[in-house]
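This structure is a prediction, so every number in the text was calculated from the model and none was measured. When reading the values below, keep in mind they use all heavy atoms of this one structure, side chains included, and skip hydrogens, waters and symmetry mates.
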Amino acid sequence: MSDEPSTPAPVTLIGLGPMGRAMVRSLLRAGHPVTVWNRTASRADELVAEGAALAASPAEALAASEVVVLSLTDYQAMYDVLEPATSALAGRTLVNLSSDTPQVTREAARWAEGHGARFVTGGVMVPAVMVGTDACYVYYSGDRAVVERHEPTLAAIGEPRYVGPDPAAAQLFYQAQLAVFLTALAGLLQGTAMVRSAGVSAADFVPQAFGTLTQIPAMVAGTDEELDSGSYPGDQATATMMGATADHIVRTSAALGLDLALPGAVHSLYERAIAAGHGGDNWTSLFEVVRGTPA
């Protein structure tokens with residue numbers, strides 16, 4: 001249970017790209033007093049007109065609120081902005097919603113705690129236009145008590161989903177989801193390029209591709225059980241069968257003069273799984289190739 005007061009708490013938000021601006025507006029709609037800072041101060045003009053307060057410096061921004069949300073390009077940007085203001089970090093809760101590697105994230109948590117701040121990692125799982133909607137959710141990791149204390153504030157951005165005490169956990173969930181998302185987007189472009197070569201418009205093909213994407217959950221039911229158990233019964237789509245299709249996609253793309261990086265990478269997974277003796281197993285056996293040597 002949160003012990004945060006029911007009155008919307010002040011929040012500082014540093015970094016006013018599209019995501020940062022969307023979060024400020026969502027927090028303002030929820031009644032939070034919001035202080036903002038950005039290297040290019042003019043980006044705050046519309047937000048100030050809507051009720052946000054513009055800080056003159058990072059130190060002033062930190063002083064304005066206990067909860068400080070960072071929406072920056074990467075973690076180096078956090079250091080660039082906050083290193084000159086470390087004396088103002090004590091007692092603050094830094095909620096870093098920027099992306100970086102797990103190790104960099106853990107180092108940042110130690111850095112913040114060394115300056116007397118509490119550190120929470122987050123990953124926003126929707127584009128800026130969906131921030132603050134019912135579809136928005138955000139992965140968080142770090143000290144559970146800190147996350148729970150500020151959950152009413154964080155909920156103004158999107159549904160908080162706590163994934164563990166390791167500061168890197170939210171980064172892993174965030175990037176794992178984007179690995180699925182970005183690969184799907186690239187596949188959408190590859191497929192569209194294939195049919196466009198035959199004069200088919202994207203308007204005719206893309207809605208059909210979306211239909212395929214929405215049907216995937218039903219098509220691959222039970223995948224999680226196979227991946228967790230390491231058992232890949234060859235009673236569905238075997239690696240050999242799917243690998244043949246992957247080969248055809250590569251050869252067709254080559255004949256059409258398309259880029260082969262994506263279909264080549266997919267085909268390579270099947271080739272290596274088959275070479276490792278998984279030809280008669282389900283396609284899920286590619287997991288043994290993808291996972292390499294787990295840390």
Any sub-3.5 Å donor-acceptor pair from Tyr270's side-chain atoms to Met241's backbone N or O? no

As a test of understanding, state which of Thr73, Asp74, Asp80 forms a side-chain hydrogen bond (donor to acceptor under 3.5 Å, both in side chains) with Gln76. Asp80

Just by modelled atom types, is the Gly211 backbone N or O under 3.5 Å from a matching donor or acceptor in the Thr214 side chain? yes

When you compare the side chains of Ser42 and Asp45, does any donor N or O come within less than 3.5 Å of an acceptor on the partner? no

Identify, with sequence neighbours excluded, every residue that meets side chain to side chain contact (heavy atoms under 4.5 Å, CB included) alongside Val146. Thr93, Arg118, Val120, Asp143, His150

Euclidean distance, Glu83 CD relative to Trp111 CH2, rounded to 0.5 Å: 5.0 Å

Distance-only, no hydrogens or angles: does the His32 side chain make a donor-acceptor pair with backbone N or O of Val11 under 3.5 Å? no

Side chain of Ser141, backbone of Asp166: donor and acceptor closer than 3.5 Å? yes

Start with the C-alpha gap between Val81 and Asn38, add the side-chain angles, then the distance that decides, and say whether side chain to side chain contact (heavy atoms under 4.5 Å, CB included) holds. CA-CA 9 Å; Val81 171; Asn38 193 71; over 6 Å; no

Establish, from distance only, whether the side-chain atoms of Tyr232 and Glu288 form a donor-acceptor pair under 3.5 Å. yes

Kindly work out whether a path of hydrophobic side-chain contacts (I/L/V/M/F/W/Y, heavy atoms less than 4.5 Å apart) joins Phe173 to Tyr137. yes

Judged by modelled atom types alone, do Gln177 and Tyr139 share a side-chain donor-acceptor pair under 3.5 Å? yes

The reported gap from OG1 in Thr192 to CG in Leu188 (rounded to nearest 0.5 angstrom) is 4.5 Å

Asn282-Thr284 side chain donor-acceptor pair, cut-off 3.5 Å: no

Smallest separation among heavy atoms of Gly122 and Tyr140, with atom names: CA-CD2, 4.0 Å

Any idea which heavy atoms bring Gly132 and Cys136 closest together, and the distance? N-CB, 3.9 Å

At their closest point, which heavy atom of Thr35 faces which heavy atom of Ala55, and how far apart are they? CG2-CB, 3.8 Å

Which heavy atom of Ala64 sits nearest a heavy atom of Thr12, and at what distance? CB-OG1, 3.8 Å

What distance do Leu213 atom CG and Gln208 atom CD have between them, rounded to the nearest 0.5 Å? 12.5 Å

Using 0.5 Å steps for rounding, measure from the CZ atom of Arg39 to the CD1 atom of Ile14. 10.5 Å

Looking at every non-hydrogen atom in both residues, tell me the closest pair between Ala128 and Pro18 and how far apart they are. CB-O, 3.6 Å

Could you point out which residue of Val68, Leu94, Leu72 forms a side-chain contact (heavy atoms from CB on, under 4.5 Å) with Leu82? Leu94

Give the minimum heavy-atom separation between Met23 and Val124, together with the two atoms involved. SD-CG2, 4.5 Å

Treating Ser253 as the side-chain partner and Ile249 as the backbone partner, does any N or O pair qualify as donor plus acceptor under 3.5 Å? yes

